[in-house]
Asks: 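Right, I'll just put the structure down here and ask away after.
These figures come from a predicted structure and were not determined experimentally. Below, chains carry the letters A, B, ... as their sequence lines are ordered, and counting in each starts from 1.
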Amino acid sequence: MKLQIAAGVLLVAILLAVTAGCGGTASKEPESPKYPTKPIDLIVAFPPGGSSDMTARLLAERLSKEWGVPINVVNKPGGGGTVGTLDVVQADPDGYTMLTHSITCTLAAATSTQCPYKWDQMTPVSLVMANALVLTISPDLPYSSVAELLDAIKKDPSKFKAGVGSAGAPAVFGLVKLFDAAGIDPKSVEMIVFQGGAPTLAAVAGGHVQLASQNLPEAVSLINAGKLKALAVTTDTRGKSVPNVPTAKEAGFPAYDQLGWNGISGPPGLPEYVVKKWAEGIEKVTQDPSFVQKIESMDAVVIYKGPADFEKFVEQEYKTALDIAERVGIRK
Amino acid sequence: MEALSHLWHGFSVALSPINLMYCAIGSLVGTLVGVLPGLGSTATIAILLPVLSGLPPATAIIALAGIYYGAMYGGSTTAILINTPGEAASVITAADGYAMARQGRAGPALGMAAVSSFVAGTLSLFGLVLLAPPLADAALEFGPAERFALMVLGLSMVISLAGKSLLKGLLSGLAGLLVGMVGLDPMTGVPRFTLGSPTLLGGIDFISVIVGLFAIAEIFVNVQEQTRRVYEGKLKGLLPTRKDLRDCAGAMGRSTIVGFLLGLLPGVTPAVASFLGYDMEKKFARDPSRFGRGAIEGVAAAEGANNSATSGGLVPLFTLGIPTTPALAVLLGGLMIYGLQPGPLLFEQHADFVWPVIASMYVGNVMLLILNLPLVGLWAKLTQVPYPILSAGILGVCVIGTYGVRNNVFDVWMMVAFGVVGFLMKRWDVPAVPLVIALVLSEPLETSLRQALKISGGSLMIFTRPLSLAILLLALASFGVSLYSRAKEGRLAVAIEAGGEDVG
Amino acid sequence: MVVRSEAVTAGFIGIALGVVSLAQARDFPIFVRGVPQEGFMPLLIGGALVIVGTGLLAGGLLRGQKTPGPAVAVPRRTLYLVSLVVVYVFLLEIVGFFLSTWILCTGTIKAWRRYGWPAALLYGGSLSLLLHLCFSSWMKMPLPRPFWA
């Protein structure tokens with residue numbers, strides 16, 4: 001009996017020691033410009049494995065080596081990206097909870113009236129990377145250029161169905177921009193929503209829908225396997241892994257310029273020194289050749305924008321998206 | 001055949017000490033991860049990807065594949081021992097497996113799960129090697145209409161597994177469909193059933209539901225009955241007997257084929273494959289009423305199907321770059337980071353990568369069998385741990401696993417809520433398995449229906465496409481057979497329980 | 001509180017769920033040119049639930065189903081454990097994973113009469129320590145931290 005009590009006391013002692021260690025390198029004084037001093041949570045609002053997640057992990061790996069504190073990539077999927085984003089919007093602006101700001105986080109604010117946060121609530125820090133969208137069609141369709149496809153659609157829009165990865169995906173906006181430029185009413189081509197890029201592209205390859213405008217990384221293997229015909233990419237330069245696919249500009253439709261992108265943002269009211277630290281850190285990482293190489297192997301490009309530029313960029317993206325969403329009726 | 005010589009070469013690489021070691025580590029880590037409910041192979045693979053990035057590509061992918069397979073196995077271990085399925089794919093294993101554990105046959109259950117997984121994994125890898133490209137192409141023909149038909153087939157299981165009262169089973173199934181609708185509408189993104197709560201926008205995570213309904217509810221029941229151990233008394237044999245193996249041979253074979261074919265199809269997860277494999281076995285059995293009460297063939301069928309579906313999923317991944325489940329999507333990401341572009345070109349350009357990986361998957365299967373069979377005895381002893389301590393441990397593990405899915409305490413609340421629901425369901429004799437099946441099928445069912453009809457412009461004719469029609473007819477047949485068996489069982493029960501007892 | 005009849009209760013719940021589903025269906029379009037919309041499934045499921053619920057209810061009332069055996073009284077131990085778990089989830093984000101799990105495990109073990117407080121605390125502590133070391137320290141899973149950390 002006494003032995004058990006003694007063991008209990010010992011355990012309490014261990015407990016206290018462990019809880020003290022629980023908080024990591026618990027900083028005893030209140031926040032001072034010495035940052036960071038304890039582990040940081042980098043939130044990704046999507047399940048593991050997507051481009052947001054990969055970018056976050058690659059970034060976290062390098063920054064944590066640079067700064068000497070662990071950066072935990074925490075996945076908080078749900079609500080098409082809104083749950084995780086809301087989490088950061090509501091977090092303390094102390095720099096220890098940051099968001100991997102994907103384009104979808106901003107698009108959600110434009111497409112959904114129920115979005116629990118406002119598009120400008122986050123503190124933008126930097127843009128990190130962007131990837132092209134690629135216009136793909138089923139392999140048995142007889143069109144080999146964007147112009148041919150659009151002509152066919154104009155003649156009979158009801159025969160064409162487009163697949164998209166989610167209701168508010170960049171794909172939707174890309175297609176709308178393309179149709180606008182060609183004088184096709186975006187509402188005349190039905191957009192069928194699938195659950196993510198992979199099922200969408202599988203549906204196109206199988207001929208169940210006729211076209212799609214998904215993220216290039218998702219489509220590369222099918223294109224190179226001949227299961228999908230690619231007509232254009234939305235970046236200014238051709239994709240390295242699909243060098244035979246013309247750019248939208250080359251194909252004659254520069255308005256088809258929708259990109260997918262990922263950056264870093266923080267909660268509202270983030271102090272200047274945190275923004276500066278991250279922006280500088282990220283800028284350094286984006287110049288590291290091995291980081292660039294890893295991003296490029298995902299078929300994306302490294303694009304760095306500092307806080308001010310990124311803020312303008314986000315605003316522009318939001319306003320364009322809002323306009324399209326209201327016009328075409330996707331805003332619900 | 002060229003393929004075989006490649007495979008041979010692949011084996012020689014896979015069996016190199018470094019690769020063997022990483023295969024073993026991956027399998028072990030995977031098993032540990034799988035034991036934990038919720039934290040699936042998906043998250044683990046994603047987390048470990050940067051860690052493994054320093055290794056040569058083949059070795060890293062071998063380790064990752066080991067984790068993927070190991071997790072499948074680990075999930076079934078806890079499903080059998082403590083009624084805690086680690087993921088949707090282990091739910092059906094828990095149905096018969098845990099019943100066997102309560103009868104002192106945890107050892108044979110675990111052993112059969114291991115053997116069945118091994119057989120399925122091995123056979124399906126041959127399928128992968130020999131049949132990959134044509135199968136992958138065929139899989140692309142599988143569109144929304146076909147998927148809807150398949151989901152209807154899956155739902156027919158609800159009838160089959162409803163237990164004594166068909167109405168209660170239906171209630172359970174419908175409730176599952178309802179739970180699946182909470183959150184954003186999958187097609188238009190508008191919130192449904194969210195009562196204005198931002199967290200509910202993300203829906204109710206099914207891990208919370210599964211863990212709550214099975215593991216937590218079981219503890220809530222056992223605390224009232226002051227259960228002392230999962231199984232009291234001497235364990236009846238630690239491994240499956242020869243008779244068991246013979247009985248299950250058919251189940252293993254059939255479920256392997258079914259699981260592999262289903263795993264190929266985009267959007268069909270190993271969980272769905274395990275449901276259908278189990279149900280098929282039940283229909284083939286001479287005495288279907290044993291299923292759900294500790295039929296070892298049930299364990300064999302469920303495990304065989306989910307393991308071969310796992311391998312089946314690799315077919316579209318390697319040949320087309322299409323991941324059929326989230327875990328495979330992460331694996332794909334891993335491949336891309338190494339600059340390895342999936343597709344038929346993968347087999348040509350990177351033969352030195354692909355074949356060792358495939359060979360090591362086989363090695364991984366063998367390794368899991370060798371590692372786990374001797375441990376079966378040890379695992380089975382868990383059923384003899386004093387229940388108070390065991391249940392405390394289970395609670396802790398369940399909380400970690402459930403929380404770890406989205407790092408959100410809300411999911412833990414849901415787990416508790418469903419624990420209470422599960423407890424009440426047990427008291428009221430409402431079966432829990434239909435709810436879970438329906439929950440898993442809810443989203444794909446609704447999504448594929450709406451996609452199909454949107455494509456066809458509202459015309460139901462789209463379902464008369466040959467494959468879709470065939471599956472729908474099969475579903476109809478399945479409904480019919482299930483209803484007929486129930487009627488037969490009912491008459492049998494009445495004959496046995498002579499004397500005014502309710503037959504439901 | 002005595003459970004009168006399981007079928008009747010289950011039936012009521014079924015009907016209630018069905019009504020909820022139907023109510024939600026009202027907020028959304030059901031069909032647009034033959035294509036089912038957001039309201040379609042809720043309508044279908046809601047309708048089916050009401051039908052099944054009513055069937056159960058009717059069956060329970062008409063057949064005069066017997067009360068289910070001796071397990072009719074309030075399950076006190078279960079209620080205790082449920083309350084403990086509820087308190088635990090509250091505590092999780094206040095005192096952190098390790099401490100609250102210790103409390104949970106101790107309380108759970110105590111729910112069986114066979115163990116005294118020292119043993120329960122000891123086993124509880126070791127279990128939560130083991131869990132903490134394995135998942136938080138080794139696997140670096142981000143588990144809830146106490147508010148002072």
Asks: Non-hydrogen atoms of chain B under 4.5 Å away: do they reach the side chain of C/Val20, the backbone, both or neither?
Replies: both

Asks: State, yes or no, whether a side-chain contact exists between C/Met41 and B/Leu445 at a heavy-atom distance under 4.5 Å.
Replies: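 A side-chain contact under 4.5 Å exists here.
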
Asks: Shorter than 4.5 Å, heavy atoms on both sides: which option in C/Pro144, C/Gly34, C/Gly55 has the most such pairs with chain B?
Replies: C/Pro144

Asks: What part of B/Val397 is in contact with chain C, defined as an atom under 4.5 angstrom from a non-hydrogen atom: side chain, backbone, both or neither?
Replies: both

Asks: For C/Phe12, does the CZ atom sit with more than 12 other heavy atoms under 6.0 Å from it, leaving out its own atoms?
Replies: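 Not buried by this count: 12 neighbours or fewer within 6.0 Å.
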
Asks: Please evaluate residues C/Glu6 and B/Lys168 with respect to the criterion salt bridge (Lys or Arg N to Asp or Glu O under 4.0 Å), reporting the C-alpha separation (whole Å), side-chain torsions for both, the decisive distance (0.1 Å), and the verdict.
Replies: CA-CA 10 Å; C/Glu6 42 183 66; B/Lys168 285 183 185 167; 2.7 Å; yes

Asks: Do the non-hydrogen side-chain atoms of B/Leu395 and C/Cys105 ever get within less than 4.5 Å of each other?
Replies: no

Asks: Contact part of C/Arg114 toward chain B, heavy-atom cut-off under 4.5 Å: side chain, backbone, both or neither?
Replies: side chain

Asks: Side chain from CB out, backbone as N, CA, C, O: work out which of these in C/Phe90 comes under 4.5 Å of a heavy atom of chain B, or both, or neither.
Replies: both

Asks: Is a side-chain donor or acceptor of C/Thr101 paired with a backbone partner of B/Gly396 at a separation under 3.5 angstrom?
Replies: no

Asks: Quick one: of C/Ala48, C/Gly14, C/Gly18, who has the most non-hydrogen atom pairs under 4.5 Å with chain B?
Replies: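 Going by pairs under 4.5 Å, I would pick C/Ala48.
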
Asks: Quick one: of C/Leu131, C/Leu56, C/Leu44, C/Leu130, who has the most non-hydrogen atom pairs under 4.5 Å with chain B?
Replies: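 Most heavy-atom pairs under 4.5 Å with chain B: C/Leu56.
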
Asks: Identify the heavy atoms of B/Gln224 and C/Pro75 that sit nearest to each other, and give their distance.
Replies: OE1-C, 3.2 Å

Asks: Which atoms form the tightest heavy-atom contact between C/Pro42 and B/Arg192, and what is the distance?
Replies: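 Shortest heavy-atom separation between C/Pro42 and B/Arg192 comes out as CD-NH1, 3.7 Å.
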
Asks: Compare every heavy atom of C/Ile109 with every heavy atom of B/Pro388, then report the nearest pair and how far apart it is.
Replies: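 Smallest heavy-atom distance, with atoms named: O-CG1, 3.8 Å.
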
Asks: Please report the shortest heavy-atom distance between B/Leu171 and C/Ala10, naming the atom on each side.
Replies: CD2-O, 3.6 Å

Asks: Pick whichever of C/Thr108, C/Val35, C/Leu127, C/Thr78 has the most heavy-atom pairs under 4.5 Å with chain B.
Replies: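 Top option by heavy-atom pairs under 4.5 Å: C/Thr78.
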
Asks: If you count heavy-atom pairs under 4.5 Å with chain B, which of C/Leu79, C/Leu81, C/Ile13, C/Leu104 comes out on top?
Replies: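 If we count pairs closer than 4.5 Å to chain B, C/Leu81 comes out on top.
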
Asks: Measure the NE2-CD1 distance between C/His132 and B/Ile400 for me, rounded to the nearest 0.5 Å.
Replies: 10.0 Å

Asks: Are the side chains of C/Phe40 and B/Arg450 in touch, meaning some heavy atoms are under 4.5 Å apart?
Replies: no

Asks: Starting at CG of B/Leu174, measure out to CD1 of C/Ile45 and round the result to the nearest 0.5 Å.
Replies: 5.5 Å

Asks: Please answer whether the main-chain N or O of B/Pro191 pairs with a side-chain N or O of C/Glu38 as donor and acceptor at a distance below 3.5 Å.
Replies: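 Looks like no, no N/O pair under 3.5 Å.
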
Asks: Report the C-alpha distance between C/Tyr88 and B/Val416 in whole Å, list the side-chain angles of each, state the deciding distance to 0.1 Å, and finish with yes or no for side-chain contact (heavy atoms from CB on, under 4.5 Å).
Replies: CA-CA 10 Å; C/Tyr88 168 69; B/Val416 177; over 6 Å; no

Asks: What part of B/Phe220 gets closer than 4.5 Å to chain C, counting heavy atoms only: side chain, backbone, both or neither?
Replies: both

Asks: What part of B/Val223 lies closer than 4.5 angstrom to a heavy atom of chain C: side chain, backbone, both or neither?
Replies: both

Asks: Select, from B/Asp429, B/Leu170, B/Val420, B/Val399, the one with the greatest count of heavy-atom pairs under 4.5 Å involving chain C.
Replies: B/Val399

Asks: Just by distance, do the side chain of C/Trp112 and the backbone of B/Ile389 share a donor-acceptor pair under 3.5 Å?
Replies: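 Checking the backbone N and O of B/Ile389 against the side chain of C/Trp112, no donor-acceptor pair under 3.5 Å is found.
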
Asks: For C/Leu49, is it the side chain, the backbone, both or neither that has a heavy atom under 4.5 Å from a heavy atom of chain B?
Replies: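 Contact with chain B involves both backbone and side-chain atoms of C/Leu49.
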
Asks: Between C/Leu143, C/Ile51, C/Leu92, C/Val89, who has the most heavy-atom pairs with chain B when the cutoff is under 4.5 Å?
Replies: C/Val89

Asks: Would you give the length of the straight line joining atom CG of B/Leu453 to atom CD of C/Gln37, rounded to the nearest 0.5 angstrom?
Replies: 10.5 Å

Asks: So for B/Leu460, is it side chain, backbone, both, or neither that comes closer than 4.5 Å to the heavy atoms of chain C?
Replies: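 Neither part, no heavy atoms under 4.5 Å.
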
